[in-house]
**Student:** 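Can you read through this structure? Questions will come right after.
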Amino acid sequence: MGSTVLFAPSDKSWDDHIQITLFVPAALLLVYLFYNELVRFQLRVPNLPGPRGFPLVGSLPSLSGTITSEELRKWAGKYGDVFQVQLGNSTVVVVNTTAAAEALFIRQREATNSRPIFYVLHKKVQRNGPVTSIGTSPWDDSCKRRRKVAASALNRVSVESYLPILNKESRAWLVDLLRDCDGGNTALDVMLPARKFAINLSLTVSYGTRVESIKEFSTNDILKEIIYVEEEISRLRETSSNYDNYIPLLRPLNSVAAALGLKDGTHLASIGKRRHSYHAKLQARLREEIAAETDQPCIQGNVLRDPDSKGLSEGELLSISLSMMAGADTSKRTLMWACLLLAHRPNLQERAYKAIQETDPTLLTNPDVAHSRVEYIEALTKEIGRYFIVLRLALPKATHREVRWNGAVIPAGTMVFLNSWACSRDPAVFPDPNTFAPERWLDSQSQSHQHQYAFGIGGRMCVASQLAAKALYTVFLHLIAHFKLLPADGELSPDAADPLRGLLEKENSRVTPRVRHVRFVPRDVDITRKMLAKKP
Ligand code: HEM
């Protein structure tokens, strides 16, 4: 007798089985998509124009592969100065002109003072950490306290006390250049000295410590860690990518991928932990220096010496230091663009050199130049900030209360992008905006008192704008006084230092130049050596 399979499904029941297996998830997905579209629809700001985009993803595909800030600037031509765009499930209000920026961030300053919460940064990277940096903290009492301490440590008066540091760091740059430039025959990677300068500035302000040699960046474990971790954080803070922030559906999919071993599910949290851990090491070192009375004045030191004076918790103090290190990234990128621009504009260098000579020729041989005021170099510094805008969408902002614009009421908790790039290209206040013209900032010009958007605007503007501007000024003056900068291959390229065509990555709103090498030819080696010898 042949064996009988009692429960063998007939062909029909197999078909039913397969149909149900396919149908149920498809139906659930459709229900989810429908519900999600309702949510996305409700999140739109009534009476504010803006594209609707695609289901689920909104305008993300339309922005993908574009230079986001420039694309949004172009969209303003169609939708107006202020419009809304949906990035997945997030509604973002984009502000594209100087008039609109003043209306929202100055006249409604209190209401636009906050920062959004991002899934990747706040929920994943910071998951186990006590704090976020100031620049990524929503507006509350703690944020107010931290910002106040940072701002008073970096205000115009305090900046005076940092001038010796700025002189020292810009001279250190010249020492490195003189040693490595090979009389201008070898092109140097400008990222290395720019990074050293920027990290030293942040380390000094925060912990009273600095890096002596560029080589340490590849040999010293804590510095290697700072660089890796800060670059990762910078990538994870990027607003134009990190789609998990905007499309909730991706989050469980990523968890499944991590569970299946297809991606590293611990990476994000580990970056947050590593950031806290390197700061803890720097702080421990500073505590030892304080105990030995060998510490240098710095923000952490001031608070550690007198913990009750500022009313900050340990976590809040740490948050201030996280913020100082994040600032290093922007200074570095600005310095890189500036070197490239100067290398491709010999006339600009000569004009600047002449301006130093005419204002005060002793500055050409003086080791300390940070105190000086050469109007043209100040204008050059401002124009470099305007022309390149290294943080093209500033840092993402959020409304803290209702904001009004042209009949639309933008509710509290809405994400807002200040398109600093578009504001800097606003022809209403910057005629011929695509031309690099330091002259526009000279006192005689009508634009000279315009706001410079490189540092953002409003209640959450860069707390270190005075210090950063002075630091850039000091480097530019010293560089121009002692070196001629030339393109790496001798060819003057119109694209290398172009803020759109010269980009390394189009979509990144923190912009870096594609070309990184420049030749530095000493103007007069003996004069530079003598100047450097005046100070240890
Ligand atoms: C060329 C150099 C720099 C540029 C272009 C720059 C630019 C910016 C921009 C655009 C913002 C956001 C402003 C806004 O949302 O309106 C910002 C915020 C901030 N910057 Fe800078 N920055 C620079 C250097 C620094 C340095 C050196 C530090 C620290 C030592 C620093 C600390 C901060 C902090 C703490 C914030 C957050 C402010 C807040 O959210 O309340 N920045 N910066």
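Counting convention: from 1, in listed order, for ligands and their atoms alike. Numbers for residues simply follow the sequence, beginning at 1. Just so it is clear, the structure is predicted and the values come from calculations on it, not from any experiment.
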**Student:** Name the option, out of G135, A150, A101, that contains the heavy atom nearest to atom 37 (C) of ligand 1.
**Tutor:** G135
**Student:** Does D368 pair with R171 as a salt bridge, N-O distance under 4.0 Å?
**Tutor:** yes
**Student:** Which of the numbered atoms in ligand 1 are below 4.0 angstrom from a heavy atom of A468?
**Tutor:** 2 (C), 24 (C)
**Student:** Below 30° counts as parallel, above 60° as perpendicular, anything between as tilted: where do the rings of F430 and W441 land?
**Tutor:** tilted
**Student:** Report yes if some N/O of R147 lies less than 3.5 Å from some N/O of ligand 1; otherwise report no.
**Tutor:** yes
**Student:** Looking only at protein heavy atoms, identify the closest one to atom 3 (C) of ligand 1 and say how far it is in Å.
**Tutor:** F455 CE2, 3.5 Å
**Student:** Using a 4.0 Å cut-off to any heavy atom of G456, which atoms of ligand 1 qualify?
**Tutor:** 10 (C), 13 (C), 14 (C), 16 (O)
**Student:** In ligand 1, which numbered atoms sit nearer than 4.0 Å to a non-hydrogen atom of I134?
**Tutor:** 39 (C), 40 (O), 41 (O)
**Student:** Does the pair R287/E289 count as a salt bridge with the N-to-O cut at 4.0 Å?
**Tutor:** no
**Student:** Which ligand 1 atoms are under 4.0 Å away from a heavy-atom of L395?
**Tutor:** 12 (C), 15 (O), 18 (C)
**Student:** Checking the N or O distance criterion of under 3.5 Å, is ligand 1 in contact with T334?
**Tutor:** no
**Student:** For a salt bridge (charged side-chain N to carboxylate O under 4.0 Å, His left out) check, start with the C-alpha distance between R514 and D495, then their side-chain angles and the critical distance, and finish with the verdict.
**Tutor:** CA-CA 10 Å; R514 190 172 50 242; D495 284 0; 5.4 Å; no
**Student:** Please work out which of the three classes, parallel, tilted or perpendicular, describes the rings of F118 and Y246, given edges at 30° and 60°.
**Tutor:** perpendicular
**Student:** If you count the atoms of ligand 1 from 1 in the order shown, which ones are under 4.0 Å from a heavy atom of S331?
**Tutor:** 1 (C), 2 (C), 24 (C), 27 (C)
**Student:** Tell me, please, whether W337 has R333 positioned over its six-membered ring: NZ or CZ under 6.0 Å from the ring centre and within 45 degrees of its axis?
**Tutor:** no
**Student:** Looking only at distance, does R115 have an N or O less than 3.5 Å from an N or O of ligand 1?
**Tutor:** yes
**Student:** What protein heavy atom lies closest to atom 9 (C) of ligand 1? Include the residue and the distance to one decimal.
**Tutor:** L391 CD1, 3.6 Å
**Student:** Please work out which of M325, K144, R460, R510 has its closest non-hydrogen atom nearest to atom 13 (C) of ligand 1.
**Tutor:** R460
**Student:** With a cut-off of 4.0 Å, which atoms of ligand 1 are near a heavy atom of K397?
**Tutor:** 14 (C), 15 (O), 16 (O)
**Student:** Has ligand 1 got any nitrogen or oxygen that is less than 3.5 angstrom from a nitrogen or oxygen of I457?
**Tutor:** yes
**Student:** Does F105 have K397 sitting over its ring (NZ/CZ under 6.0 Å from centre, angle to axis within 45°)?
**Tutor:** yes
**Student:** When V374 is tested against each of L380, V369, T359, T381 for side-chain contact (heavy atoms from CB on, under 4.5 Å), which residue passes?
**Tutor:** T359
**Student:** Could R195 and F217 be counted as a cation-pi pair, given that NZ or CZ must be under 6.0 Å from the ring centre and within 45° of the axis?
**Tutor:** yes
**Student:** Return the closest protein heavy atom for atom 32 (C) of ligand 1 as residue, atom name and distance.
**Tutor:** V463 CG2, 3.9 Å
**Student:** Measure the distance from atom 21 (Fe) of ligand 1 to every protein heavy atom, then report the residue, atom name and distance (to 0.1 Å) of the closest one.
**Tutor:** C462 SG, 2.3 Å
**Student:** May I ask you to identify the nearest protein heavy atom to atom 28 (C) of ligand 1, giving residue, atom name and distance to one decimal place in Å?
**Tutor:** A464 CB, 3.3 Å
**Student:** Would you mind listing which atoms of ligand 1 come within a distance below 4.0 Å of any non-hydrogen atom of A454?
**Tutor:** 5 (C), 7 (C), 10 (C)
**Student:** Would T204 and Y162 satisfy side-chain hydrogen bond (donor to acceptor under 3.5 Å, both in side chains), going step by step from the backbone distance to the final call?
**Tutor:** CA-CA 9 Å; T204 309; Y162 291 122; over 6 Å; no
**Student:** Among protein heavy atoms, which lies nearest atom 30 (C) of ligand 1, and at what distance?
**Tutor:** M324 SD, 3.5 Å
**Student:** Distance-only, no hydrogens or angles: does the S313 side chain make a donor-acceptor pair with backbone N or O of E316 under 3.5 Å?
**Tutor:** yes
**Student:** Any atoms of ligand 1 less than 4.0 Å from a non-hydrogen atom of S323? List them with their elements.
**Tutor:** 35 (C)
**Student:** How are the rings of Y79 and W75 set to each other: parallel, tilted or perpendicular (split at 30° and 60°)?
**Tutor:** perpendicular
